[in-house]
Amino acid sequence: MEILDEKTIGAIVTDDYRTASVFEKYHIDFCCNGNRPLSEVCEQQGLDSSIIANELVESTQQNKTQNLNYNSWPLDLLANYIEKKHHTYVEEQISVLKGYLQKIEGVHAHRHPELFKIRGLFELSAGQLSMHMKKEELVLFPFIRKLSNAKKSGLKLDTPIFGTVENPIATMMREHDDEGESFKEIAKLSNNYTPPSDACTTYIVAYKVLKEFQDDLHLHIHLENNILFPKAVELEKELM
């Protein structure tokens, strides 16, 4: 347990993504703020680190076939996976959620005025995420693929126009922080995506899909912040 206490929460999730369910349960941000030791996080949030550590161990002993060792993947494969799975998911679900949130705001906002702010926050976040992903797809990910190819082929890599991969990565991570804060506020306003007693079916589904969107975003950001980006920085230093 002492070893877990000393590890950062991002490293714990990187080692085994099944542990993410425990951090989600206790509202611990492992994606944007994954560089904090478990002991520090537990102290800050008034949690018993021994209980959390036990649950983390238990989580890795369940559903063993469902764990994907993303940390072992080549960088080009991981970048392709993020783009095809998570970017596609975000693009598809944005239009779905906009429709749901607009509908329930029109019907229920007079009794639940928080819906105005939830829809506003989501639409702002959706626009920012769309631009963010395009920058990754057009600039950062192609360079990461070049890094991966240069490693495999042994060919020299030209210095990119942005100087070093650390520059676009720093921008992407700041934007990840912004999206993390937006969804923390949405979770707070929605009582952690708990529909009220008078919620209609669309209301219930909207909150369910919004929670799924947040969970997918957490994995999406984790894969970039804690695995793809640090490894890209290391590989560039090795090759340049």
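What you see below is based on every heavy atom in this structure, not just the backbone, and it leaves out hydrogens, waters and symmetry mates. Numbers here simply count residues along the sequence, with the first being 1.
- A distance of 6.0 Å separates CG in Leu223 from OH in Tyr70, rounded to the nearest 0.5 Å.
- The line from CG of Leu78 to CG of Asn71 is 9.0 Å long, rounded to the nearest 0.5 Å.
- Within the structure, every pair that satisfies the salt bridge (charged side-chain N to carboxylate O under 4.0 Å, His left out) test and touches residues 172-183, not counting sequence neighbours, is listed here: Lys135-Glu175, Glu181-Lys184.
- By the 4.5 Å heavy-atom criterion applied to side chains, Ile186 and Phe213 are not counted as neighbours.
- Atom OG1 of Thr19 and atom CG of Leu56 lie 6.0 Å apart (nearest 0.5 Å).
- Counted by atom type alone, His176 and His132 present one or more donor-acceptor pairs between their side chains at under 3.5 Å.
- Placement of Leu129 and Tyr81 in two distinct hydrophobic clusters is found when ILVMFWY residues are connected by side-chain heavy-atom separations under 4.5 Å, directly or transitively.
- By the side chain to side chain donor-acceptor pair (under 3.5 Å) test, Asn149 pairs with no residue at all, sequence neighbours left out.
- Nearest approach of Ala150 to Leu239, heavy atoms of both residues: CB-CD1, 4.0 Å.
- Taking a 6.0 Å sphere around NZ of Lys151, one finds it holds 12 or fewer heavy atoms contributed by other residues, nucleotides or ligands.
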- [ ] Carefully, step by step, assess Phe23 and His222 under the rule ring pair (Phe, Tyr, Trp, His ring centres under 6.0 Å).
- [x] CA-CA 12 Å; Phe23 293 126; His222 162 69; 9.8 Å; no

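- Annotation: side chain of Gln214 is not in contact with side chain of Leu210 (no heavy-atom distance under 4.5 Å).
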- [ ] In sequence, state the C-alpha distance, the side-chain angles, and the governing distance for Glu83 and Glu136, and then conclude on side-chain contact (heavy atoms from CB on, under 4.5 Å).
- [x] CA-CA 9 Å; Glu83 187 171 329; Glu136 289 182 335; over 6 Å; no

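- When atom types are taken as modelled, the side chain of Asp29 and the backbone of Cys32 share a donor-acceptor pair closer than 3.5 angstrom.
- Of the N and O atoms on the side chains of His108 and Asp198, not one donor lies less than 3.5 Å from an acceptor on the other residue.
- Closest approach of Gly34 to Thr8, counting heavy atoms only: O-CB, 3.4 Å.
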Task: Full working for side-chain contact (heavy atoms from CB on, under 4.5 Å) between His86 and Val90 - done: CA-CA 6 Å; His86 294 288; Val90 169; 5.6 Å; no

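- The hydrophobic cluster containing Ile51 also contains Ile9, counting ILVMFWY residues as joined when their side-chain heavy atoms lie under 4.5 angstrom apart, directly or transitively.
- The hydrophobic clustering, which links ILVMFWY residues whose side-chain heavy atoms are closer than 4.5 Å, places Leu124 and Ile104 apart.
- Asp216 has its side chain within reach of Lys85: a pair of non-hydrogen atoms, C-beta onward, lies under 4.5 Å apart.
- At a threshold of 4.5 Å between non-hydrogen side-chain atoms, the residues Leu140 and Thr171 do not count as touching.
- Environment of CG in Leu138: crowded, with over 12 heavy atoms of neighbouring residues, nucleotides or ligands closer than 6.0 Å.
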TODO: Take Leu101 and Glu123 through the test side-chain contact (heavy atoms from CB on, under 4.5 Å) and record every step on the way to the result.
DONE: CA-CA 10 Å; Leu101 293 174; Glu123 292 195 351; over 6 Å; no

- [ ] With side-chain contact (heavy atoms from CB on, under 4.5 Å) as the test, would you mind laying out the steps for Phe122 and Phe183 before giving the verdict?
- [x] CA-CA 8 Å; Phe122 178 78; Phe183 273 87; 4.0 Å; yes

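- The shortest heavy-atom contact between His218 and Cys31 is O-CB, 3.4 Å.
- Residues Leu219 and Ile82 share a hydrophobic cluster, clusters being chains of Ile/Leu/Val/Met/Phe/Trp/Tyr side chains in contact below 4.5 Å.
- Within 6.0 Å of the NZ atom in Lys152, the count of heavy atoms belonging to other residues, nucleotides or ligands exceeds 12.
- Between Lys188 and His27, every side-chain heavy-atom pair lies at or beyond the 4.5 Å cut-off.
- Put simply, CG on Leu77 and OG on Ser148 are 9.0 Å apart, with the number rounded to the nearest 0.5 Å.
- With hydrogens and angles disregarded, no donor-acceptor distance shorter than 3.5 Å links the side chain of Arg119 to the backbone of Gln102.
- Here the CD-CE distance, from Gln128 to Met131, works out to 6.0 Å after rounding to the nearest 0.5 Å.
- Residue pairs meeting the salt bridge (charged side-chain N to carboxylate O under 4.0 Å, His left out) criterion with at least one partner in residues 222-234, sequence neighbours excluded, do not occur; the list is empty.
- A distance of 6.0 Å separates CZ of Arg36 from CD of Gln44, quoted to the nearest 0.5 Å.
- Proximity of Cys200 to Val107: side-chain heavy atoms (C-beta onward) are nowhere separated by under 4.5 Å.
- Leu228 and Met133 end up in different hydrophobic clusters when Ile, Leu, Val, Met, Phe, Trp and Tyr side chains are linked at under 4.5 Å.
- Side-chain contact between Ile12 and Leu38 is present, with at least one heavy-atom pair separated by less than 4.5 Å.
- For Phe229, the CZ atom sits in a packed shell: over 12 heavy atoms of surrounding residues, nucleotides or ligands are nearer than 6.0 Å.
- A side-chain donor from one of Asp48 and Ser50 sits under 3.5 Å from a side-chain acceptor of the other.
- Of all heavy-atom pairs spanning Leu189 and Glu114, the tightest one is O-CG, 3.6 Å.
- For the residue pair Ser21 and Ser59, the shortest heavy atom distance occurs at OG-CB, 4.4 Å.
- Between Tyr207 and Pro195 the shortest heavy-atom distance is CD2-N, 3.6 Å.
- Using cut-offs of 30° and 60° for the angle between ring planes, the His220 and His87 rings count as tilted.
- Residues Leu147 and Leu75 form no side-chain contact, since every pair of their non-hydrogen atoms from C-beta on lies 4.5 Å or further apart.
- Between the side chain of Glu236 and the main chain of Val165, a donor-acceptor pair closer than 3.5 Å is present.
- At distances below 3.5 Å, at least one donor-acceptor pair connects side-chain atoms of Asn226 with backbone N or O atoms of Phe30.
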